[in-house]
Amino acid sequence: MIKKYTYGTPFKTDTIIESVDTAAGTPLFGSITLTDGFCLTYKMAKEDIVYGLGQANRGINKRGFIYDSECTDIPTHTEEQRSFYGAHNFIILDGNEHFGMYFDYPGKLTFDIGYTCQDTLTVSCDETDLDLYVITGDSSYDIVKQFRKIIGRSYIPPKFAFGFGQSRWGYKTQKDFEEVVTKYRENHIPIDMLYMDIDYMEDYKDFTINNDNFPDFDSFVKDMKTKNIHLIPIIDAGVKIEDGYDIYEEGKKGSYFCKREDGTDFEAAVWPGLTHFPDVLNEDARAWFGSKYEKLVKKGIDGFWNDMCEPAIFYTPEGVEEYKEYLQKELLTCEVFPPFDAKTKAAELANSPKDYSRFYHNVDGTMVRHDKVHNLYGMNMTRAAFEGLQKTEPEKRFLLFSRSSFIGAHRYGGVWTGDNASWWSHLLLNLKMMPSLNMCGFLYTGADLGGFGSHTTRELLLRWLALGVFTPLMRNHAAIGTREQECYQFEHVEDFRHVIGVRYRLIPYIYSEFMKAALSDDMYCRPLAFDFPNDSMARQVEDQLLIGKEIMIAPVYTQNAAGRYVYLPEEMKFIKFQPDGSISEEILEKGHHYIDVALNEVPLFIRKDKCIPIVDAAECIDDIDLSTKKMIGYELAEYDLYDDDGISMIP
Ligand code: GLC
């Protein structure tokens, strides 16, 4: 059952698309105060678990920390970070009482989940205008399913998007891209996508191509298609301010950019230098920006990744002016110049709350200050792209995912989890975020495999790929300046061929389970506790996941490990894909086990009395041959395989 409680005059975020009964007064759970903003408090019992928050830090169980729902471009994902790029305000209390809460509020919201007081959950924000949805149900799983019904169906990508993709910030020329494809194909490592980071553009201008580096871009795209490679360009939020640049000129003319209080176009520096932000919260501006994707679609492009859409700001002219004034004042008045303060203040020029309060959106004729609705920008940029692409080719699915999101964006695209690092802890964080994102509707998700920042190692990349085999988005991406981490850069390339090959062997199953989950508002991956709610051991497991209805995964995530401990909540068949193409099988009883997993093996567990289809490995999605299908798992079990053409829009 779902009830809606309205406080003040909430901003319409478009997260909830089904009508929900409104209740009067205070919900059954917790107490609410409305002085100095909104504050809900709830006393948690000792055993209560708190799930949710989508793209957030730390555990699957969110208890014991404090999180801010505030879309933030912070590249250092250390344990103390309270917010990442997404703001997903859905939590579930699982314990003595059982309920979910969605806080429909577009500004900063804080979830103190036993951080200040171990037994107290506090959810608070500065304003008193929000809708609170309270969902009661039999179990956490049931609560998620009810929530997913009212937020609408998850985005469905084309089938090729389940292939493996290579990316790197720094590929510049057609030759650079061709070389990557050649190396992958020569080494017979499967691949379907090549991602184009900002350097494909002319001076980082959205919807342009650098003609010097790509003398005939259209033919290049075509040629790549003949090699079964989809090129996936990046689109950034900021539009470069430059006379004569068509997107800039059109945006100015149509008054499509975010405005300062005095009505002038707001300026912020990002990759291209000074830019304007398209006002994607405004219907006309959103339609205009969304229509621009067609420029690249006409060149044969069938997928995009949207970036910097928090929106990220390096600095603004106003911020720089204030910093200069501060420096001048300090230099004049201080005998000892405060270098540390100056350094901190310089760093604070980026993504500063003050800058987010300096610009406005035109929402149906009302000027709304950005910081009040900050978390909606990324979602509406994804929506702009999705709606624009749908207009361009209504019958076709495009690959689309973004960095910043709010619940609601899950209907328009997927998310990748942004600038992680080549750290073992981030492999585990990738695993923990996945089910939480699924709870909030984001099914097509993945992390930068191998790690974006810092220098990866062969071992870390291989172990991470073995997790990536199961993440819908499977992409190796790295930052400029880091060690080259394309799979062929490392010794014993056959191990990479094998691990990624396993992904292709499992594609029929992965696609089938993803689609079934998307089409029935279900979760593609779940914490063990969702299926085994009464198993006190399963309730504590934070490093294993259920994928689809048939399998469990337990990736290795520590350096130099020859295997790991796992907990089986029921008897299962332990499967290992061996480097020689064979598959080992062993039935393991319910309970704790140590499993050996060599660096070039991919492990999974098939649940009792279930089976899954596998096929022969292929080098691209199009080459998968379903006639090679065979079943592995428990004999006599049956599997209902979902399949379709992988490209037509599903009504
Ligand atoms: C941002 C993105 C990253 C990209 C870089 C350059 O940091 O998160 O993926 O490579 O910008 O475009």
Side-chain angles (χ1 to χ4, degrees), residues 55 71-78 81 83-87 165-173 176-177 180 193-210 213 231-240 268-273 275 277 296 303-315 347 350-351 377-378 381-382 385 399-405 409 413-423 426 429-430 433 442 444-456 464 468 471 473-486:
Q55 190 184 8
C71 298
T72 313
D73 171 31
I74 294 180
T76 43
H77 301 178
T78 47
Q81 292 305 339
S83 52
F84 290 145
Y85 310 92
Q166 181 62 56
S167 185
R168 182 176 178 82
W169 174 15
Y171 300 151
K172 261 201 167 76
T173 63
D176 293 341
F177 288 93
V180 179
M193 285 158 294
L194 205 50
Y195 290 84
M196 308 185 84
D197 208 322
I198 45 174
D199 294 301
Y200 78 87
M201 301 181 205
E202 180 192 296
D203 300 330
Y204 308 137
K205 286 183 289 191
D206 278 340
F207 310 111
T208 66
I209 306 287
N210 183 316
N213 293 336
L231 292 170
I232 314 294
I234 196 170
I235 301 292
D236 280 354
V239 170
K240 185 174 172 67
V270 208
W271 302 120
T275 67
F277 292 139
L296 294 170
F304 296 89
W305 47 311
N306 280 346
D307 191 21
M308 309 301 276
C309 41
E310 293 69 34
I313 296 179
F314 294 170
Y315 60 83
N351 308 314
Y377 194 89
M381 184 170 162
T382 315
L399 168 56
L400 179 63
F401 60 87
S402 301
R403 195 170 71 173
S404 181
S405 63
V415 292
W416 102 96
T417 56
D419 299 350
N420 59 9
S422 298
W423 302 340
H426 281 180
L429 188 60
N430 179 185
M433 251 187 225
F442 296 93
Y444 190 75
T445 68
D448 290 347
L449 301 174
F452 174 75
S454 353
H455 306 296
T456 202
W464 212 329
T471 65
L473 166 64
M474 187 189 191
R475 181 178 79 144
N476 175 343
H477 179 48
I480 198 163
T482 59
R483 178 181 188 178
E484 292 178 318
Q485 69 180 43
E486 296 81 12

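Order of listing sets the numbers, starting from 1, for every ligand and every atom in it. Below, each value reflects all heavy atoms present in this structure, side chains not excepted, and no hydrogens, waters or symmetry copies. Keep in mind it's a predicted model, so treat the numbers as computed, not measured.
- Some N or O of His477 is nearer than 3.5 Å to an N or O of ligand 1, by distance alone.
- Across all their heavy atoms, Gly86 and Cys71 have their closest contact at C-SG, 3.9 Å.
- Put simply, the residue from Tyr85, Trp305, Phe84 that forms a side chain to side chain contact (heavy atoms under 4.5 Å, CB included) with Arg403 is Tyr85.
- The side chain of Trp416, and not its backbone, has at least one atom closer than 4.0 Å to an atom of ligand 1 (non-hydrogen atoms only; side chain from C-beta on).
- When every heavy atom of Asn306 is checked against every heavy atom of Thr382, the shortest pair comes out as ND2-CA, 3.7 Å.
- For the pair Arg475 and Asp448, the salt-bridge criterion is met [side-chain N within less than 4.0 Å of a carboxylate O].
- No N or O atom of Asp236 sits closer than 3.5 Å to an N or O atom of ligand 1.
- Contacts of Asp307 with ligand 1, taken as heavy-atom pairs under 4.0 Å, involve the side chain alone.
- In terms of polar-atom proximity, defined here as any N/O pair under 3.5 Å, Asp448 makes no such contact with ligand 1.
- Residues satisfying the ring pair (Phe, Tyr, Trp, His ring centres under 6.0 Å) test with Phe314, not counting sequence neighbours, are Trp271.
- At the shortest separation from atom 12 (O) of ligand 1 among protein heavy atoms lies Asp197 OD1, 2.6 Å.
- Neither the backbone nor the side chain of Tyr85 comes within contact range of ligand 1; no heavy atom lies under 4.0 Å.
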